[in-house]
Amino acid sequence: MDDYVVVKAICAVCGREILMTEDSWIIPETGELCEVCYKELMEEEG
Amino acid sequence: MPIEILPVPSLIEGQSQGVVVVIGANAAGLMDTSSFINVFPSSLAATYAQDTSANLANGGTYLRASLDCYYYNKIRLAVGASHELVVQPQLSYDNSNWYNWGTATTCPAGYITSIPGPTQTLLLPTRYFRYLITNNSGTATTWIRSFIAYSL
């Protein structure tokens, strides 16, 4: 298996696969998010 | 825009030259990337590079993308934040199964913390590296900024 396609998690917001080679964010009561969804969430809360 | 000049004793220790870190934050206490300047000692400046810059929600966790260290076997990590947080380096041999590397380091608010110590280096026994940052300050969202230096 190619190291670069290993899936780390499924984004709790958009459902996209988050690969090991991508940053991810875990929000309590929400789950693990991809970078795009996390930044959108933070902008909404900011 | 408020600008703070913060102490960085853990990086100054053991270095022949001092370190200056200027960190800008907005009125809400979150980072303002336009005003962040960091200067490491000459012995480190050539190798340290900014790795992550973001705001981390209270109770939230940031999990860095895995770093393929095929061409590296030494790593230094430095992390700064506006609120206390915990950093846990992790290793993997297959980019799938991850193991904690040593114990987690608590980084106090307002400091750049060098992991391990400023004159030490993490020696990589496996190929993949990443780190987990948890904002368990129990207070508020924090900005985080991390730096990595790696070499053979």
Side-chain angles (χ1 to χ4, degrees), chain A, chain B residues 25-33 50-71 79 82-83 85-88 90-99 126-146 148:
Chain A
M1 179 185 295
D2 189 331
D3 289 340
Y4 294 93
V5 296
V6 177
V7 176
K8 175 163 57 175
I10 303 296
C11 177
V13 174
C14 70
R16 187 176 69 81
E17 291 182 338
I18 307 172
L19 304 182
M20 281 291 181
T21 50
E22 297 178 278
D23 291 345
S24 63
W25 309 80
I26 300 170
I27 303 294
E29 300 175 0
T30 301
E32 193 156 358
L33 277 61
C34 67
E35 186 165 14
V36 172
C37 291
Y38 177 78
K39 289 184 174 176
E40 287 180 356
L41 183 68
M42 292 300 284
E43 285 179 5
E44 290 173 5
E45 293 184 355
Chain B
N26 61 24
L30 303 179
M31 70 178 174
D32 184 328
T33 55
Q50 181 178 306
D51 193 52
T52 299
S53 175
N55 290 313
L56 183 58
N58 184 25
T61 298
Y62 163 70
L63 185 55
R64 190 202 188 281
S66 61
L67 180 63
D68 186 342
C69 301
Y70 184 80
Y71 294 105
V79 179
S82 58
H83 292 78
L85 48 75
V86 175
V87 180
Q88 174 66 66
Q90 295 184 330
L91 295 170
S92 173
Y93 60 89
D94 61 357
N95 203 20
S96 178
N97 297 288
W98 292 88
Y99 305 92
T126 59
R127 178 167 173 175
Y128 299 97
F129 170 82
R130 72 181 183 185
Y131 55 87
L132 189 69
I133 298 179
T134 303
N135 174 8
N136 60 2
S137 64
T139 52
T141 294
T142 181
W143 54 257
I144 59 174
R145 185 158 288 202
S146 64
I148 280 187

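Since we're looking at a predicted model, the values are computed, not measured. Sequence lines set the chain letters: A, B, ... in the order given, protein chains first and strands last, and positions in each chain run from 1.
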Shortest non-hydrogen contact from B/Asn95 toward A/Val6: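 Smallest interatomic distance, heavy atoms only, reads O-CG1, 3.6 Å.
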With the side chain counted from C-beta on, respond yes when A/Tyr38 and B/Leu56 share a heavy-atom pair under 4.5 Å apart, and no when they do not.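 Yes, at least one pair of side-chain atoms sits under 4.5 Å.
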I'd like to know if the side chain of A/Asp23 reaches the main chain of B/Ala65, judged simply by a donor and an acceptor atom lying under 3.5 Å from each other, with no hydrogens or angles considered.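 Flag set: sc A/Asp23 to bb B/Ala65 pair under 3.5 Å.
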Scan the side chains in residues 24-32 of chain A for donor-acceptor partners under 3.5 Å anywhere in the protein, sequence neighbours excluded, and list what turns up.
unit_1: A/Ser24; atom_1: OG; unit_2: A/Lys8; atom_2: NZ; d: 3.2
unit_1: A/Ser24; atom_1: OG; unit_2: A/Glu32; atom_2: OE2; d: 2.6

Atom CG in B/Asp68, atom OG1 in A/Thr21: separation rounded to 0.5 Å?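 Those atoms lie 10.0 Å apart.
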